[in-house]
Amino acid sequence: MQLRDALDDYKRNTGHATRFPGERRTVTGRFTGGEGRLVHVDEDGELRDFGYPLTGRTGLVRSRIGLAIGDEIVWLDETPTEQRYVGDATLIETVHEADAATVTRRDVTIGDAHLTRATVDVGEDGHANVDPDALSLVVYARFAPDGRDDRVGQLRYDDAVEVYHADEHDFLASDTGFRDLRGQLPATFPELLEDAPTDLPRDRDGDRYEEERLSGEVIAEAPFEGGVAAVASLLTDRAETPREAARARLDELFADLDSADALAAAADETTPSVPASAPARESLVADLRVLSLLSADSGLRIAGPDFDPFYATSGGYGYTWFRDDAEISTFLLGADDRLGLGLDDWHARSAAMYVATQRPDGSWPHRVWPRNGSLAPGWANARIEDGPDVDYQADQTGSVIAYLAQARESGVAVPDLDATLVAALAGLDETLEDDGRPVVCQNAWEDSAGRFAHTAATFLEAYSELALHGDGLDADALGADSDAAGTPDGDAGASGGDLDPAALPDDLAGHARGQAIRVYEALDDLWVPERGCYALRETPEGAIDDRLDSSTLSLASAHRSFDGLGGADGSDGAAGAVDEERLDRLVSHVETVVDGLAHESDEIAGLIRYEGDAWRQAGQLSEKVWTVSTAWGANACAELAALLEAHEDPRADRMAERARDLLARVSPGGSLCESTSYLPEQFFDDGTPDSATPLGWPHAIRLATVTLLDDRDLLTTDAVAADD
């Protein structure tokens with residue numbers, strides 16, 4: 001998104017009840033991709049690239065598709081349109097009902113190439129008697145190579161145009177050549193200063209000859225042959241892909257994807273297949289599709305498509321946070337183990353990147369660019385900067401440790417994995433206070449500081465998983481030959497430094513067990529008997545903040561990991577490590593949080609994020625419902641049901657029922673799941689979706705909850721039915 005587009009959107013949406021001006025929303029339409037490039041096909045057919053964080057190439061920032069009938073152009077975004085996914089992968093079909101013809105488009109992104117194949121049907125009743133081969137597919141496309149909309153040039157060929165700045169060279173090509181091709185300058189300064197937005201593209205202006213070559217904007221007409229026209233775009237780096245190789249790649253693309261069946265087959269290669277017998281299959285297909293779309297070749301994922309690149313109303317979403325990325329990895333590992341999804345490569349790539357991005361002090365940074373793991377813009381890098389470590393999100397390190405420990409147990413083998421776990425254990429110890437709870441730091445929602453129940457839960461789970469799966473870990477793994485605990489940036493930072501293996505005990509698994517017990521016991525400090533729940537946090541000033549917060553639902557899965565350690569003294573593993581009083585408190589806590597955060601309107605029902613959450617409310621006077629909070633509620637109830645079942649506690653059935661009820665709200669047919677199959681981050685009470693869409697985290701939580709309930713025979717058809 002360029003500043004011109006942000007200003008245009010600002011003009012169009014200032015004062016809107018549920019839209020924040022200056023954004024590029026993805027709450028409508030669908031994405032295609034899965035191998036790096038990420039292309040959004042809006043419900044009206046507009047194409048935009050969102051893959052810069054994944055590939056480093058900007059590509060298309062604006063487009064329109066039209067139908068040329070003689071000298072007249074009918075823009076298809078102004079016609080009645082329907083859209084769907086074809087099959088389980090990311091092939092998108094968009095049908096436009098123009099007066100002259102029905103135009104059926106199929107869009108697919110393969111690697112760095114995107115192809116639109118359009119067919120016209122003029123034989124339907126109500127259509128004009130038009131020769132299909134007299135029609136042209138009109139493509140208005142604006143490219144921003146290297147993220148620039150200035151100092152851009154064009155090179156013209158018979159069947160393609162090349163738009164370039166310095167390193168990035170983007171191509172637009174037609175399988176049938178061009179009937180017409182021209183360029184234009186983007187919105188001018190006077191147009192930007194006008195109150196009204198600017199409609200693009202403009203009519204041809206013979207007085208502005210330079211616009212034909214000195215911009216990223218092109219308007220091309222591709223003739224139909226046999227009722228079919230195909231156009232493709234390809235994003236390249238000039239150092240990696242020479243010009244002739246790029247043009248040859250486009251020729252191959254047209255030849256290989258010359259039919260609807262070929263498009264479908266190519267799309268199928270971009271996403272994992274889900275067994276026909278899988279439970280809640282429609283839900284699982286959608287979840288794996290989304291997680292494929294958001295993934296870079298490295299294995300790291302963006303949180304969601306970046307709808308706000310200028311940080312107008314948020315801090316951006318097109319980055320990798322280690323908290324949700326590691327939890328997604330953990331959920332995928334468990335689902336793959338239960339269903340046999342064939343995700344070994346996913347698990348290995350995730351583990352390898354966590355090893356590569358660990359800092360020398362054993363922690364992980366706030367957020368990184370997923371394409372290579374380098375440090376991304378953020379506000380929680382206290383352990384890299386000078387000064388106190390308050391602006392550090394310790395829960396991210398806990399989440400990565402939990403995944404890596406489980407991956408190690410599952411046989412995921414990557415270089416320096418053991419050394420990374422040893423360094424992470426030392427780093428976790430460094431941020432655990434003498435009272436058994438984590439230090440003052442930032443919370444999961446990144447909007448306050450304190451000593452949080454959620455952070456303690458991630459520490460409990462990390463220590464427990466290390467204790468369960470840390471046999472054979474040795475402090476000597478942090479030897480001089482190890483490449484672990486080093487970042488792609490190669491900078492230890494002001495407060496970082498190499499860890500001393502001599503400071504660690506010999507029995508690392510036993511040490512982790514002891515630390516887990518300390519955290520387990522210290523959680524009593526956060527129990528609030530008056531509310532029957534654990535507090536959100538202890539403030540930096542030492543006061544107890546007893547508001548309800550959906551992040552504290554993570555205590556359920558953390559205690560289930562801890563329960564695997566057996567009796568507190570290690571003597572009776574069958575009994576489990578969680579005592580009866582703690583079980584009572586967990587049941588009370590989960591039910592109190594789920595009931596207290598429940599919010600319902602005529603259009604939606606789910607959980608808000610926390611009491612008093614005022615973020616992105618616009619004109620709404622109450623907190624908004626979040627899909628991640630609702631899915632977290634479902635997962636917490638499912639985890640607690642499994643824990644109670646292991647203790648032969650009859651309350652397990654009640655918790656499983658609550659899990660199914662919450663799961664239904666975020667499942668296909670539920671009020672929080674869009675018809676596109678996507679889970680947006682938030683909803684207004686009137687049912688309008690908002691913010692990052694789709695958001696990877698709730699999709700992964702939904703995937704994990706379905707497979708957990710099914711694995712324990714607790715999933716019923718209620719879980720995939722629409723909520724009332």
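- Atoms CD and OG1, from Q393 and T458 in turn, are 11.0 Å apart once rounded to the nearest 0.5 Å.
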For side chain to side chain donor-acceptor pair (under 3.5 Å), just list the numbers for S329 and R301, CA-CA rounded to whole Å, side-chain angles, deciding distance to a tenth of an Å, and then say yes or no.
CA-CA 10 Å; S329 296; R301 307 165 189 90; 3.3 Å; yes

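- The pair R383-E430 counts as a salt bridge, with a side-chain nitrogen and a carboxylate oxygen less than 4.0 angstrom apart.
- Under 3.5 Å, the side chains of S550 and S629 contain a donor-acceptor pair of N or O atoms.
- For the pair L663/L715, a side-chain contact is recorded, criterion being any heavy-atom separation below 4.5 Å from C-beta on.
- Note that CD of E465 and OH of Y403 are 12.5 Å apart. Values are rounded to the nearest 0.5 Å.
- Between the side chains of T397 and Y392, at least one donor N or O lies within less than 3.5 Å of an accepting N or O.
- In this structure, R585 pairs ionically with E581, as a charged nitrogen and a carboxylate oxygen lie closer than 4.0 Å.
- Taking all atoms of both residues into account, the shortest heavy-atom contact from L555 to A453 is CD2-O, 4.2 Å.
- With respect to D649 and R654, no salt bridge is recorded, no charged nitrogen being found less than 4.0 Å from a carboxylate O.
- Taking the side chain as every heavy atom from C-beta outward, L425 and I401 never approach each other to under 4.5 Å.
- Using a 4.0 Å cut-off between a side-chain N of Lys or Arg and a carboxylate O of Asp or Glu, R513 and D507 do not qualify as a salt bridge.
- Contact record, R660 with L714: NH1-O, 2.6 Å, taken as the closest heavy-atom pair.
- Under the 6.0 Å cut-off for aromatic ring centres, W632 and W626 do not qualify, their centroids lying 6.0 Å or more apart.
- Atom CG of L597 sits about 10.0 Å away from atom OG1 of T592, to the nearest 0.5 Å.
- Judged by distance alone, the side chains of Q682 and W615 never bring a donor and an acceptor atom under 3.5 Å apart.
- Counting only N and O atoms by type, the side chains of Y463 and D429 include a donor and acceptor under 3.5 Å apart.
- Between the side chain of R665 and the backbone N or O of L672 there is no donor-acceptor pair closer than 3.5 Å.
- By the 4.0 Å N-to-carboxylate-O rule, D525 lies close enough to R437 to be salt-bridged with it.
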Please walk me through it: do R547 and D613 pass salt bridge (charged side-chain N to carboxylate O under 4.0 Å, His left out)?
CA-CA 11 Å; R547 287 177 297 159; D613 180 16; over 6 Å; no

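- Relative ring orientation between H366 and W321 is described as perpendicular, the plane-to-plane angle rising above 60° on a 0-90° scale split at 30° and 60°.
- Contact of the L466 side chain with the L473 side chain is registered, since non-hydrogen atoms from C-beta on lie closer than 4.5 Å.
- Side-chain atoms of H347 and D336 form a donor-acceptor pair, as typed in the model, at a separation below 3.5 Å.
- Judged by distance alone, with hydrogens and angles left aside, the side-chain atoms of T693 form a donor-acceptor pair with the main-chain N or O of S691 at under 3.5 Å.
- The number of heavy atoms from other shown groups lying within 6.0 Å of CG (D434) does not exceed 12.
- Across all non-hydrogen atoms, the minimal contact from A467 to L565 is CB-CD2, 3.7 Å.
- Taken from CZ in R281 to CG in L339, the straight-line distance is 11.5 Å, to the nearest 0.5 Å.
- Using a 4.5 Å cut-off on side-chain heavy atoms (C-beta onward), I328 and L294 make no contact.
- Residues R289 and V274 have side chains not in contact (no heavy-atom distance under 4.5 Å, counting atoms from C-beta outward).
- Within a 6.0 Å sphere centred on CD of E657, other residues, nucleotides and ligands contribute 12 heavy atoms or fewer.
- Here the straight-line distance linking atom OH of Y354 with atom CZ of F322 works out to 7.5 Å at 0.5 Å rounding.
- Side-chain atoms of R451 and D435, non-hydrogen and from C-beta on, do get closer than 4.5 Å to each other.
- In this structure, M353 and D325 have side chains that are not in contact, with every pair of non-hydrogen atoms separated by 4.5 Å or more.
- The two atoms that bring A475 and L508 nearest to each other are N-CD1, 3.7 Å, heavy atoms only.
- Checking side-chain atoms of D545 against main-chain N and O of E538 turns up no donor-acceptor pair under 3.5 Å.
- No side-chain heavy atom of Y610 sits under 4.5 Å from any side-chain heavy atom of S551.
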Before you tell me yes or no, could you show the steps for R616 and D690 under salt bridge (charged side-chain N to carboxylate O under 4.0 Å, His left out), namely the whole-Å CA-CA distance, both residues' side-chain angles and the distance that decides it to 0.1 Å?
CA-CA 9 Å; R616 289 182 72 91; D690 183 45; 2.9 Å; yes

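- Listed here is the closest heavy atom pair of L662 and G633: CD1-C, 3.5 Å.
- Atoms OG1 and CD1, on T627 and I701 in that order, are 8.5 Å from each other to the nearest 0.5 Å.
- Shortest non-hydrogen contact noted between I302 and Y317 is CB-O, 4.1 Å.
- Judged purely by atom type and a 3.5 angstrom limit, D416 has no side-chain atom pairing as donor or acceptor with the backbone of A419.
- Looking at S410, its side chain never comes within 3.5 Å of a backbone N or O of V412 through a donor-acceptor pair.
- The aromatic rings of F562 and Y520 lie parallel to each other, their planes meeting at an angle below 30°, with 60° marking the opposite boundary.
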